[in-house]
Number of protein chains: 2
Amino acid sequence: MALEVKDANSATVWPLSQVPAWDIESDVVVVGLGVAGGAAAIEAARAGSEVLILERASGAGGATALSGGLFYFGGGTPVQKACGFEDDKEEMFKYLMLASGKNADEAKVRLYCNESLEHFDWVVGLGIEFKECFHKEKTTLPENDDGLCYSGNELAYPFLTQAKPAPRGHKPKIEGDAGGLVMQKVVKAAQEAGAEIVYEALVETLVTDEQGRVAGLLVFVDRQPKFVRARQGVVLATGGFIMNKEMVRKHAPELLACNYPIGTDGDDGRGICMGEAAGGSIMNMSQGLLSTPFYPPAAHLKGILVNEQGQRFINEDVYHGRSSDAILRNQNGRAYLIVDDDLYGQTQALHRIAAVEETFEDLEKALEMPEGSLSHTLEFFNKHAEKGEDPLFHKHKDYLRPLASPPYAALNCSTDKAIFAVFTLGGLDTLPTGEVLRGDGSVVPGLFAAGRTTAGLPREGRTYSSGMSVAGASFFGRYAGRTAASQARS
Amino acid sequence: MALEVKDANSATVWPLSQVPAWDIESDVVVVGLGVAGGAAAIEAARAGSEVLILERASGAGGATALSGGLFYFGGGTPVQKACGFEDDKEEMFKYLMLASGKNADEAKVRLYCNESLEHFDWVVGLGIEFKECFHKEKTTLPENDDGLCYSGNELAYPFLTQAKPAPRGHKPKIEGDAGGLVMQKVVKAAQEAGAEIVYEALVETLVTDEQGRVAGLLVFVDRQPKFVRARQGVVLATGGFIMNKEMVRKHAPELLACNYPIGTDGDDGRGICMGEAAGGSIMNMSQGLLSTPFYPPAAHLKGILVNEQGQRFINEDVYHGRSSDAILRNQNGRAYLIVDDDLYGQTQALHRIAAVEETFEDLEKALEMPEGSLSHTLEFFNKHAEKGEDPLFHKHKDYLRPLASPPYAALNCSTDKAIFAVFTLGGLDTLPTGEVLRGDGSVVPGLFAAGRTTAGLPREGRTYSSGMSVAGASFFGRYAGRTAASQARS
């Protein structure tokens, strides 16, 4: 076998019998230093294991550092209480089962809800603060340092009829994106716990023994191959696969319509492929979170989304991932947001104006929709909105008002005209403990995984809430680290 | 390791080193006797290999025997020519790339189109006849013995704008379902070629050597374990996984809403699990063909499908799999077919009448839709239908007429009220040759697969055409059999 760096899709395993000698040894070897890998390293090191983190980039962060850094916590956190919100873990469980999606892993959802308060404390213990201030305006992420917000579909139909709403999006105390701050604190804690970090270390393949146990790995550091022994286990936390077009084409071709992949170069699926080569089973591979956030401004939620036929198709006040999923999957990627002059504002994603007209009829004509299509939709909407009602899609009355101040604008929310952000939600099948499962339900000895390398807490974009990825990756990353550290040393 | 029958989800591999002795030996061992396994056996035996077919049921047939037995052939078959239709393989290729779906395997589609005429001859050579008579009326399967029909979306928007339509559904000459006839001829040909068939033989697991080569398998015949050596290879042709609820829940949870799984007990995914355990990669697992065929009668295509909001959402003249997919995936599983008195007839699937009223307004009220929703949809549709136009969804003018003869009926096409048939379209990743691929793109030596055990010709229900499964399974089954027969004997 040749000692060369192959592309992610060619990941295979290296037989232990062909390892000439171990260049490096450690107890737990963590691959990837985003929040999942960092959390795994902290917990493994705190449990007394020697920990080595291998990160292919020249710095820490992964996709976490690119994110808003929101954590989905609930069940009555100090921040929720200080802001005057009641919550309990049963209502959180009801909501998170819906938010995880049709493919929800009940065991993971249950464990996370049961231990969410403990996980909050652990995160705070890293030095991450949350300001006890509720952010009232609906947004994708508070721009200021407010610590609490509604970050999903909690207040939107039909979710609010199925679980008592509470805001559970917890944002670390910093203006703007908090992902960088989260990673600073995670890296600091990992180093303080004694974990060693090697950057620019591209893990190429896992080493397995004759019984299929993962015994270590082959890594290229400064392009030099090194065999690394993992006495207790390897934790894969290498992110998802949105940067691997071949893999997206094979497993999630619908996501190819999205033009703005969210991730680092490391999100090329290499960890998933390595895990699969070692016997791990993959699942949920067709799913992703995709989004064209047409708010803020929150005023845009008072506009209406229409398809090419001029029909509404969703309550516009849902989480942007849900409305965007409906555009891509149900409306063939074509939609407009119709606002009036009072509501108009620049969206975050700078959606282009497709048409501006003084009357519904002219707007309909300008959008090349048949006479009586869009204009009927608008008249019907207005008639009911005046009464604070949306009999078709049940938008919340807070966002219901007639569109009545001309001119009227149509913002283009189609996949070929607007930014559609996307990342993947499929990967290795794992137990809540982080153990990687084979197709037959047995575990691959010595192998653990967390974060977007796995099918984790969030399983569907159409039901997703912000904060589920960072919360789930850190929480199950911790489990993976602890489980690895509890293994006998080989 | 215990010699016991485990459930499909526990499929693992049996190490060659732990095989006490081979009880049976053959060159090519085919698992499953539907059309894929039968075709593989015929070709392997004709190529000179000793062939053993193991079928878990007490008779041949698999899901093929339950099917209409339609073959999707094209490019100018004798039947197409005799019926006056022009076709060529490039137009067939354009259409089949669309019909395969977003995840189309271009190499498989190309090969099938290039060799479709040869495959037609091969099928005719089995003694399967096709009457040179075109079935004019749109249907899901000709009830009589007509040999040619449109069996997909060829004539429907947008397909007809992207590929020159030709009827390619070829039905064997028999009234009603032809799947049983197909399997009779296939079994006869397999036996004549010298293949041995053992029924009530449940294959439990594959046997692999230390290099991962599939060397044979463990089968239970009359509940007695037997180790079977496959000198050249094993061909998995065990069907899909629609009968395995756990597996559907894990990989295709949306399909759980369908109440009428199509398959035999054997469609429990065991072959897919065995292949995965031997190192094969799985793909396209979330996809299936689902259908609530509200026609025949073809007159129903002149009705309109509406969602719970009273909106139309598709051109009703598409293939039933496409309209049904739109109901389940895009309309939350809720829809009605609205017909007038002239169009009303009993559907194949006996859809229940949700309401019958004399006016649009009363129908709207009876269906608990808001005033001005469904009635507007009907008036809008009628206005344009009078001119032979459907500006919203481009239904073909042959199916456009105003709904104007009261009373008006709403047939319930919702997942919880109507029959929704379903089978899976995901499985092992294979080359066109039938070789099973690992995640890294290498092949699993000694392992081959075809039919619904693989991700084959059809990849998406929303674009499917009848005949793609039987045609693809038989065609790529033949390739799998020939490839296996070309291996050196171990």
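Convention: sequence-line order gives letters A, B, ...; per-chain numbering from 1.
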| Side chain, backbone, both or neither of B:Thr377 within contact of chain A (heavy atoms, under 4.5 Å) | neither

Between [options], the one whose heavy-atom pairs under 4.5 Å with chain A are most numerous:
options: B:Gly372, B:Ala455, B:Ser286; value: B:Gly372
options: B:Gly310, B:Ser281, B:Ala252, B:Gly441; value: B:Ser281
options: B:Gln331, B:His376, B:Lys102; value: B:His376
options: B:Gln287, B:Met369, B:Gln311; value: B:Gln311

More than 12 heavy atoms from other groups under 6.0 Å of [atom1] on [X]:
X: B:Glu210; atom1: CD; result: no
X: B:Glu246; atom1: CD; result: no
X: A:Asn332; atom1: CG; result: no
X: B:Lys383; atom1: NZ; result: yes
X: A:Lys387; atom1: NZ; result: yes
X: A:Glu371; atom1: CD; result: no
X: A:Glu361; atom1: CD; result: yes

| field | SB check A:Arg462 B:Glu254 (cutoff 4.0 Å) | value | yes

| query | Can you check side chain to side chain contact (heavy atoms under 4.5 Å, CB included) on B:Ile282 and A:Ile282, steps first, answer last? | reply | CA-CA 8 Å; B:Ile282 55 176; A:Ile282 55 175; 4.2 Å; yes

Where [X] and [Y] come nearest, the two heavy atoms and their spacing:
X: B:Arg249; Y: A:Asn103; result: O-OD1, 3.0 Å
X: A:Asp429; Y: B:Lys250; result: OD2-NZ, 3.0 Å
X: A:Glu276; Y: B:Gly439; result: OE1-CA, 3.8 Å

Does the side chain of [X] reach to within under 4.5 Å of the side chain of [Y], using non-hydrogen atoms?
X: A:Met283; Y: B:His251; answer: yes
X: B:Phe393; Y: A:Gln309; answer: yes
X: B:Leu392; Y: A:Pro370; answer: yes

| query | Using non-hydrogen atoms only, which part of A:Ser442 is less than 4.5 Å away from chain B: side chain, backbone, both, or neither? | reply | neither

| note | One should read off an interatomic distance between B:Ser373 OG and A:His384 NE2, to the nearest 0.5 angstrom, of 8.0 Å

